[in-house]
Amino acid sequence: MSGVTIVLAIWGLVVVAICCSLLWSALTVRRIVRNAHALETKEWLTPLWEVSDRFALEEAPRLLRSGEAKMPFACGLLTPTIVLPADCESWSLDRRRAVLLHELAHVRRHDLLGHALGRLVCAVYWFHPLAWTAAKQLRSESERACDDLALSCGTRATDYAEHLLDIVTSVRRDATPSVALAMARRKEFEGRMLAILDPQLRRAAPSRRQTATLLTTLALLSVIVGAAAPAPRESRVLVDAQQTATAPEGPEPTPRLSPTPSSPTPSPTPRQNPVPAPQPTLQPDSRVPRVDRRMSISMSTRTDTTIVEVRRAVGSAVDDAMRIGTSVSASASASASTALRNFIQSGQGQKSDDRPILLAKVLRTDTSATLRRLAAWGLSDYASTPVAAEALANAVRHDASAGVREMAAWSLADGDDGTAGVVDALSAALRGDADTRVRATAAWALGNVGDRGATDALVVALADASPEVRTRALWAIGNVGPKQAPRAVVSLLADKEPRVRELAAWALYQIEDPSAAPALEAALRAESNTDLQLAYIRALAAIGEKSVDAIRGLLESPDQRIKTMAVRALAGGHAAGPWPWPWPEPRPYP
C-alpha cells in the first residue's frame with residue numbers, strides 16, 4: 001500500500017468520524033425537540049410575535065420548553081425552532097424579550113445555515129488549523145452581531161448584560177449539541193460582555209454601498225497581489241551576471257553599506273505647501289472619539305447649555321469635514337445624532353432628570369430633522385408626562401418632516417388616554433396626514449393608548465386606500481374594544497387583501513359581538529383560504545352560542561385542521577387557543 005493511499009485512508013476515516021459526530025448531535029437535537037413542550041400561552045406568544053414582527057420575519061419560529069435544555073438555543077435549518085430551559089417560566093418579561101431578541105437574531109441572519117456549512121468545511125479540512133480557527137471566529141462574530149442587533153432594538157446594554165450573566169452562571173455544564181446555537185458559552189463570555197458594555201462600539205450594520213465598496217476593494221487587492229508575483233531567484237542571478245559581464249572595465253566600485261548612527265542619512269527635500277490627501281470617511285480612531293468627547297454631556301449640569309453643546313458639536317463636525325474633505329452634511333448629522341443619542345441614554349435608571357424638557361426643546365426648535373426625529377425617539381420613555389406629550393403631539397400635527405411625525409406618533413403610543421392632547425393629535429394624523437407611514441403608525445399608537453374615544457377616527461381609517469393603514473386600524477379597534485362591532489369592521493371581511501380580512505376577523509374575535517355571527521358565517525362559506533377559514537372559526541368561537549349553527553356543518557369537513565378547530569370552538573370560548581399571527585407593531589429607528 002502506497003503512502004498516498006494511507007494518507008487518503010486516514011483523511012477519510014477522520015472525515016467520517018466528524019460527520020458521525022455531527023449526525024449524532026443532530027439526532028440529539030431532534031430528540032430534544034420531539035420531547036419538548038410548545039409554549040403557547042399569551043405570556044410567551046406576545047413577545048415572540050412582537051420580536052418576529054420587529055425583525056420582519058415572515059413566520060415566527062416554533063417556541064419550545066425542554067427539561068433537557070440547560071441553555072436557550074436555536075436549531076432547525078428548514079423549520080427554525082427556539083428551545084428554552086425548563087426554568088424559563090419564572091423569567092421576567094424583560095428577560096424573555098432579551099432571549100427572544102438574541103435567538104431570533106440568529107434566525108434572521110441565517111446563522112444556522114452558515115454554521116452548518118462551517119462545520120462541513122471543518123470536516124473536510126480537519127487537518128488545517130486555520131479551518132477550525134475560522135469556524136471559531138465565525139461563531140464568535142455571529143454571537144456579537146446578534147448582541148448588537150438586540151441592543152439596536154432598544155434594549156439597555158446593562159439590562160441585556162445582566163440577563164446574559166444570570167443565564168450563563170446558572171448553568172454549570174452546558175451540554176447543548178454542537179449543531180445548535182446556544183445563547184452563550186463560558187469560554188467566549190468575557191469578550192462578549194466587554195463588547196456589550198462598550199458605549200463607543202458602533203453597532204449599526206454596514207450599508208449596501210459600504211459592503212459593495214469592501215467587496216470591490218478585496219477583489220482589486222486579490223488581482224493586484226496575484227499579478228505582483230516575485231521573479232524566480234534563478235532569473236535574478238542570471239540578470240546580475242549578464243550586467244557584470246557587459247560592464248566596462250575600471251576600478252571596482254565601493255560597496256554600499258547600510259547607514260549607521262555614526263553616518264547620518266541625508267534628509268529628503270521638504271515639500272512645499274503640504275496638503276493632506278482627502279479621506280473618504282472620518283477615522284474612528286482619531287477624529288470621532290475627539291468629537292464625541294467634545295459632545296459628551298454631564299447629567300449633573302441640567303441646564304440649557306446641553307442644547308448649545310449639541311449645536312456646537314455640529315459646527316465642530318462641519319470644521320472636521322471641511323478639513324479632511326468629507327461631506328459636511330453627513331458628518332454634522334452623524335456627529336450630532338451621536339451626541340444626542342448619548343445624551344438620551346446617559347440618564348437611564350435615574351429617578352428624575354431634565355431630559356424630557358431638553359429633548360422637547362430640541363423637538364420644537366431644532367432645524368435638523370434628524371435631531372428632531374432622535375429627540376422624539378428619546379421622549380418615548382416620558383410620553384405620559386405633560387411636557388413630552390405636548391411636544392410629541394405638536395410634532396405629530398405640525399412638523400414638516402414625515403419621519404419626525406412618524407417617530408412622534410410611535411412615541412405617543414407609550415402614553416395613556418389621560419394625557420392631554422394625545423388622542424386628538426393621533427386622531428388628526430390618522431384622518432388627514434399625507435404620509436402613509438404616519439397614518440399607519442398613528443392607528444397603531446391609538447390601539448396601544450386604548451381610548452374608546454378614538455373609535456370614530458379608527459373607523460374612518462378603515463376606508464383608507466392603504467392596506468397597511470386598514471390593517472393597523474383594525475388591530476387598534478380590536479385593542480380598544482368597543483361594545484359593539486362597527487359595521488365598517490364587518491364589511492372588511494370581504495376586503496380584497498387577505499391580511500385585512502384576517503385582522504377584521506381578529507377584531508371581531510376581540511369584540512365578541514353576537515350580531516357579527518351571520519357575517520362571519522357568510523365569510524366562512526365564501527372563503528377558500530384555509531388559514532382564513534380557521535380565523536373565522538376562532539372569531540365565531542369567541543362569540544359563543546350564537547355561532548353553533550355556523551360551526552355545526554364544519555364537523556363533517558374533510559380538512560382535519562378545520563374539523564379540529566370546529567371541535568375546539570364548540571368546546572367553548574377561547575378553547576381554540578391564542579391568535580397565531582404576529583401583531584403589526586411598527587418600529588421606526590432613529
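For the pair Val469/Trp444, no side-chain contact is recorded, criterion being any heavy-atom separation below 4.5 Å from C-beta on. Counting only heavy atoms from C-beta outward, the side chains of Leu363 and Val404 approach each other to under 4.5 Å. Side chains of Trp475 and Leu503 form a contact here, defined as non-hydrogen atoms less than 4.5 Å apart. With a 4.5 Å cut-off on side-chain heavy atoms, Cys88 and Trp44 count as touching. The side-chain heavy atoms of Leu48 and Leu104, taken from C-beta on, include a pair separated by under 4.5 Å.
Applying the salt bridge (Lys or Arg N to Asp or Glu O under 4.0 Å) rule to pairs touching residues 73-82 yields nothing, sequence neighbours excluded. Residue pairs meeting the salt bridge (Lys or Arg N to Asp or Glu O under 4.0 Å) criterion with at least one member in residues 92-106, sequence neighbours excluded: Glu50-Arg97, Arg95-Asp166.
Distance CG/Leu100 to CZ/Phe55: 9.5 Å, rounded to 0.5 Å. Once rounded to the nearest 0.5 Å, the distance linking OG1 of Thr471 with CD of Glu502 reads 9.5 Å. The distance from the CG atom of Leu532 to the CZ atom of Arg538 is 12.0 Å, given to the nearest 0.5 Å. Note that the CD1 atom of Ile18 and the CG atom of Leu120 stand 10.5 Å from one another [nearest 0.5 Å]. Taking CG of Leu117 as the reference point, atom CG of Leu112 lies at 11.0 Å (rounded to 0.5 Å). Distance CG/Leu151 to SG/Cys146: 11.0 Å, rounded to 0.5 Å.
Heavy-atom minimum distance, Pro177 versus Thr28: CG-CG2, 3.9 Å. Shortest non-hydrogen contact noted between Ala180 and Arg119 is O-NH2, 4.1 Å. Heavy-atom minimum distance, Cys122 versus Ala131: SG-O, 3.6 Å. When all heavy atoms of Leu149 and Ala105 are compared, the pair lying nearest together is CD2-CB, 3.6 Å. The two residues Cys75 and Val33 make their nearest non-hydrogen contact at SG-CG2, 3.9 Å. Between Ala409 and Ala445, the shortest heavy-atom contact is O-CB, 3.3 Å.
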**Request:** Begin with the C-alpha distance, continue with both residues' side-chain angles, and end with the deciding distance and a verdict on side-chain contact (heavy atoms from CB on, under 4.5 Å) for Val4 and Leu8.
**Result:** CA-CA 6 Å; Val4 175; Leu8 290 176; 4.1 Å; yes
**Message:** Would His106 and Ser142 count as a side chain to side chain donor-acceptor pair (under 3.5 Å) here? Give the steps.
**Reply:** CA-CA 8 Å; His106 280 305; Ser142 66; 4.9 Å; no
**Verdict with reasoning, Met183 to Leu164, per side-chain contact (heavy atoms from CB on, under 4.5 Å)** = CA-CA 8 Å; Met183 185 174 181; Leu164 194 62; 3.8 Å; yes
**Request:** Evaluate the side-chain contact (heavy atoms from CB on, under 4.5 Å) criterion for residues His163 and Trp91: first the C-alpha distance (whole Å), next the side-chain angles of each, then the deciding distance (0.1 Å), finally the verdict.
**Result:** CA-CA 10 Å; His163 295 316; Trp91 290 353; over 6 Å; no
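Scored by the salt bridge (charged side-chain N to carboxylate O under 4.0 Å, His left out) test, Arg109 finds Asp111 as partners (sequence neighbours excluded). Every residue two or more places apart in sequence or in another chain that forms a side-chain contact (heavy atoms from CB on, under 4.5 Å) with Ala36 is listed here: Leu64, Ser66. By the side-chain hydrogen bond (donor to acceptor under 3.5 Å, both in side chains) test, Ser178 is found to be paired with Ser25, residues two or more places apart in sequence or in another chain being considered. Every side-chain hydrogen bond (donor to acceptor under 3.5 Å, both in side chains) that Asp531 has, sequence neighbours left out, goes to Arg561. Every residue meeting the side-chain hydrogen bond (donor to acceptor under 3.5 Å, both in side chains) condition with Gln137, not counting sequence neighbours, appears here in chain and number order: Glu141. Scored by the salt bridge (charged side-chain N to carboxylate O under 4.0 Å, His left out) test, Glu68 finds Arg31 as partners (sequence neighbours excluded). Take Glu143 and apply the salt bridge (charged side-chain N to carboxylate O under 4.0 Å, His left out) test, not counting sequence neighbours, and it matches Arg139, Arg192. Residues forming a salt bridge (charged side-chain N to carboxylate O under 4.0 Å, His left out) with Glu59 (at least two apart in sequence, or on another chain): none.
Side chain of Ser411 to backbone of Met407: a donor-acceptor contact under 3.5 angstrom is found. Panel note: side chain Arg65, backbone Ala38; no donor-acceptor pair is recorded below 3.5 Å. Although no hydrogens or angles enter the test, the distance criterion places a donor-acceptor pair under 3.5 Å between the side chain of Ser380 and the main chain of Trp377. Between the side chain of Ser21 and the backbone N or O of Ala17 there is no donor-acceptor pair closer than 3.5 Å. Judged by distance alone, with hydrogens and angles left aside, the side-chain atoms of Arg373 form a donor-acceptor pair with the main-chain N or O of Gly403 at under 3.5 Å.
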Quiz: residues 76-85 side-chain donor-acceptor pairs under 3.5 angstrom, not counting sequence neighbours:
residue, atom, partner, partner atom, Å
Thr81, OG1, Arg62, NE, 3.3
Thr81, OG1, Arg62, NH2, 3.1
Thr81, OG1, Thr79, O, 3.0

Only distances under 3.5 Å count here; give the side-chain donor-acceptor pairs of residues 123-130 to other protein atoms, sequence neighbours excluded, each with its distance to 0.1 Å.
residue, atom, partner, partner atom, Å
Trp126, NE1, Trp11, O, 3.3
His128, ND1, Leu130, N, 3.2

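Comment: Arg499 engages Glu468 in a salt bridge, judged by a side-chain N to carboxylate O separation of less than 4.0 angstrom.
Relative orientation of the Tyr160 and His102 rings is tilted, given thresholds of 30° and 60° on the angle between their planes.
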